[in-house]
2 protein chains.
Amino acid sequence: MATIHDVAALAGVSTSSVSNVLNGRTEKLSAETFSRVEEAIRSLAFRPNRVARQLKTGHTPILGLLVPSTANPMYGQLALNIEAAAQTRFDYRLLLGNTHRDKQQEARMFDDLLSFGVRAVIVVSSLDDERHLEEAVARGLAVVSYDRGAGSDAHSRVDHVSPDNYQAGYLAADHLIAHGHRRLAFLVPGGKTVSRGEKIAGFRDRISRDGGRYSGHVVQGQVSQAFGDSELADLGFAMASQVAEMRPMPTGVVTVNDMLAIGLMSGLNGLGLRVPEDVSIVGMDGLPIAAFVNPGLTSVAMPLADMASAMVERAIERSTQPDLPPADFLFQPALIARQSVAAPARAKKPRSQRTAP
Amino acid sequence: MATIHDVAALAGVSTSSVSNVLNGRTEKLSAETFSRVEEAIRSLAFRPNRVARQLKTGHTPILGLLVPSTANPMYGQLALNIEAAAQTRFDYRLLLGNTHRDKQQEARMFDDLLSFGVRAVIVVSSLDDERHLEEAVARGLAVVSYDRGAGSDAHSRVDHVSPDNYQAGYLAADHLIAHGHRRLAFLVPGGKTVSRGEKIAGFRDRISRDGGRYSGHVVQGQVSQAFGDSELADLGFAMASQVAEMRPMPTGVVTVNDMLAIGLMSGLNGLGLRVPEDVSIVGMDGLPIAAFVNPGLTSVAMPLADMASAMVERAIERSTQPDLPPADFLFQPALIARQSVAAPARAKKPRSQRTAP
DNA sequence: ATGAAAGCGCTAACAT
DNA sequence: ATGTTAGCGCTTTCAT
């Protein structure tokens with residue numbers, strides 16, 4: 001590997017002139033010298049060593065990304081969008097970590113990022129508290145947190161980019177109600193995250209808007225086996241029986257994300273319940289694959305590309321200006337109607353005919 | 001950030017002693033000094049700067065990973081498995097790049113990896129030739145190529161880890177034939193990759209084994225729109241009409257991967273063709289989500305975790321021993337039977353009744 | 001057993 | 001306009 005010295009020697013100049021060429025400081029060199037150095041660089045196929053540069057400057061064009069699991073297509077998609085934004089807009093690369101929402105893993109990753117000199121990181125944390133993120137900020141990381149909405153801790157030094165989860169919950173419930181459903185349910189995995197809480201709040205508010213005419217229970221995954229972000233469909237499948245055993249059974253179910261919905265649909269199917277005839281389903285995420293399951297899954301889509309772009313921009317921006325006041329960016333979701341929602345069977349009959357089927 | 005000097009000063013020793021402690025060279029220090037240094041490290045919360053270390057040693061615990069697109073759950077899954085293996089077995093981190101199978105992008109990533117001092121990379125290339133990989137090797141990268149099978153260039157310096165794609169194609173055709181299908185088809189996107197070729201070869205060999213009793217056409221995606229690895233389901237959806245228009249129409253279709261199959265199933269559905277009654281489908285990958293589509297997708301599963309482990313091990317091993325003879329590792333796939341395959345409708349009737357429906 | 005010192009490849013004052 | 005030089009934080013001979 002050629003070094004800056006080799007280039008300098010070949011071009012007959014000093015290393016600082018080479019450095020100036022590398023950094024495009026045309027005003028410091030005569031055009032003649034500049035091009036002579038360029039020529040030397042080319043003929044040696046010289047590529048500056050970023051490690052040496054970083055040791056000197058303290059900067060490295062690398063962005064950390066922590067997601068629960070890239071096996072969840074939502075985060076695979078997110079990683080793709082973030083990488084694209086980082087790469088094309090800032091020439092940054094991505095250091096990826098799967099955390100399984102585990103605080104230890106997150107902390108280890110922060111340690112490593114810091115030791116690699118990485119200064120900016122995007123985190124899909126969603127753990128209940130963000131103290132470990134604040135700690136990372138204190139140690140010098142620019143942290144952008146995804147999917148935790150606004151209104152977190154008052155004096156946080158973490159930036160937040162999130163879909164409007166409250167609105168997502170609201171839209172989902174509204175869509176089912178508009179189709180005539182009255183008994184709804186909201187499905188979530190066992191653990192708690194901020195985004196789930198907000199989705200549920202939106203869901204509940206829509207339910208109670210019209211004077212208690214609707215019901216909306218929150219169903220938490222209660223299965224012996226532990227499911228993580230990589231096995232959400234399995235969890236949804238297992239939770240189908242929880243739904244089927246509810247009395248009265250809901251006719252419309254909202255799930256906190258699409259993979260859960262896809263598993264649920266499959267599980268209901270296995271129990272002899274048809275979607276949407278017996279129960280309508282609304283997922284959340286807007287995964288491309290939701291369009292291709294059978295029936296097509298209605299879903300509240302989040303504007304991933306925009307959010308990814310915002311996160312990358314903010315993370316990098318803050319890493320160079322640590323004193324920026326922290327901000328919250330909220331993005332509006334949009335419901336995509338497909339075939340998994342229809343009017344409930346019962347609604348076809350006049351209300352007086354409320355006899356057992 | 002504390003440096004090794006701070007630690008040395010606090011412990012009242014030289015920086016070289018601190019370095020020796022950091023690297024666990026117990027034999028070079030008295031136990032007393034050793035623990036005094038440890039104490040100083042702890043009280044300063046000192047973390048060695050890996051950049052400085054790397055500049056000196058030339059090594060960094062980072063592994064590059066190039067995949068076509070993490071939006072394809074297969075590669076999201078692969079990334080997860082690779083990251084887990086790298087992290088738990090070697091304490092390596094992952095630098096991720098999405099290449100969209102674009103040579104330019106791959107080349108740029110190689111450049112960057114090299115400039116970051118990364119010495120090991122796993123590539124899901126599948127472009128027709130591997131010259132650019134050899135070039136990366138020549139420049140100092142340990143390259144492990146995924147999904148290109150054995151028997152590539154004779155004197156390659158790239159390691160290969162791959163599922164046995166020939167066997168996968170064979171198994172898929174065999175499964176359909178065992179269910180009574182005689183007119184098969186194999187669906188692939190437009191471009192050419194090594195793995196596709198091998199899958200097709202296995203498929204064809206099984207087709208022709210019993211003396212030309214079966215037919216098996218290869219159907220290439222021919223749609224105006226360009227689809228990448230992120231939109232395979234869309235492509236499958238669009239290709240449904242290509243299948244539906246074949247005369248005679250195949251009763252059993254194999255797709256080169258699961259996402260294509262999932263899109264195809266949806267597209268056939270939209271055309272009024274039922275799976276598996278009118279056409280049976282076999283995918284390849286063994287994605288978890290294949291179990292949850294409706295009907296459940298029969299798929300030839302690849303042993304991802306094992307392959308991921310092998311790739312990580314080999315890449316890191318070779319990065320420290322560049323003179324290892326290059327090797328090919330082949331992993332056996334296994335067919336997972338689900339509901340997307342059934343006997344063809346026609347097989348239920350005696351053969352003489354071959355009238356138009 | 002411990003320390004002094006050179007140097008990895010680059011950048012950025014500071015000189016000239 | 002160009003060159004000299006002092007580090008960035010660590011590892012590693014080589015002395016002692």
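Please read these numbers as outputs of a predicted model, since none were measured by experiment. Computation of the quantities below employed the complete heavy-atom set of this structure, encompassing side-chain atoms and omitting hydrogens, waters and symmetry-equivalent molecules. Lettering of chains follows the sequences in order, A, B, ..., and the numbering in each one begins at 1.
Among the protein residues, Glu27(B) comes within range of the sugar-phosphate backbone only, with heavy atoms under 4.0 Å from sugar or phosphate atoms but none that close to a base. Contact annotation for Val13(B): backbone-only contact, meaning every heavy-atom pair under 4.0 Å involves sugar-phosphate atoms and none involves a base. Ser19(B) comes within contact range of at least one nucleobase, with a heavy-atom separation under 4.0 Å. Looking at heavy-atom distances under 4.0 Å, Phe34(B) makes no contact with the nucleic acid at all.
Under 4.0 angstrom from either OP1 or OP2 of dG9(D) there lies no side-chain N or O belonging to Thr3(B). Distances shown here put a side-chain N or O of Arg25(B) below 4.0 Å from the OP1 or OP2 atom of dT12(D). Taking side-chain N and O atoms only, Ser17(B) has a distance below 4.0 Å to OP1 or OP2 of dG3(C). For Ser16(B), no side-chain nitrogen or oxygen approaches OP1 or OP2 of dA4(C) to under 4.0 Å. Contact annotation: Arg53(B) side-chain N/O to dT11(D) OP1/OP2 distance is under 4.0 Å. Thr15(A) has no side-chain polar atom (N or O) that falls below the 4.0 Å cut-off from OP1 or OP2 of dG9(C). The phosphate of dT11(C) has OP1 or OP2 within less than 4.0 Å of a side-chain N or O from Asn23(A).
Under a 4.0 Å N-O distance rule, the pair Arg50(A)/Asp112(B) qualifies as a salt bridge. Ionic pairing of Glu83(B) and Arg93(B) is present here: one or more N-O contacts between side-chain nitrogen and carboxylate oxygen are shorter than 4.0 angstrom. Salt-bridge annotation for Arg131(B) and Glu135(B): absent, with no side-chain N of the basic residue lying under 4.0 Å from a carboxylate O of the acidic one. A salt bridge links Glu317(A) to Arg314(A): at least one charged side-chain nitrogen sits closer than 4.0 Å to a carboxylate oxygen.
What separates CZ of Phe116(B) from C1' of dG9(C) is a distance of 15 Å, to the nearest Å. Asn20(B) places its CG atom 9 Å from the C1' atom of dT2(C), with the value rounded to the nearest Å. Atom-to-atom, CG of Asn49(A) to C1' of dT11(C) comes out at 13 Å; the value is rounded to the nearest Å. The CZ-C1' distance, from Arg50(A) to dC8(D), rounds to 18 Å in whole Å. The distance from atom NE2 of His59(B) to atom P of dC8(C) is 16 Å, rounded to the nearest whole Å. As a whole-Å value, the separation of Leu29(A) CG from dT11(C) P is 13 Å. To the nearest angstrom, C1' of dC8(D) lies 4 Å from CG of Leu55(A). Atom-to-atom, CZ of Arg36(B) to P of dA1(C) comes out at 14 Å; the value is rounded to the nearest Å.
In the displayed structure, Gln104(B) atom CD is contacted under 6.0 Å by at most 12 heavy atoms of other residues, nucleotides or ligands. The environment of CZ in Arg157(B) is sparse: at most 12 heavy-atom neighbours from other residues, nucleotides or ligands sit within 6.0 Å.
Where Lys28(A) and Ile4(A) each meet DNA chain C at their nearest nucleotide, the meeting point lying more 5' is that of Ile4(A).
The nucleotide whose nearest atom lies closest to any side-chain atom of Ser30(A) is, among dG9(C), dT2(D), dC10(D), dT2(D). Listed nucleotides: dC10(D), dC10(C), dA1(C). Nearest to the side chain of Thr33(B): dA1(C).
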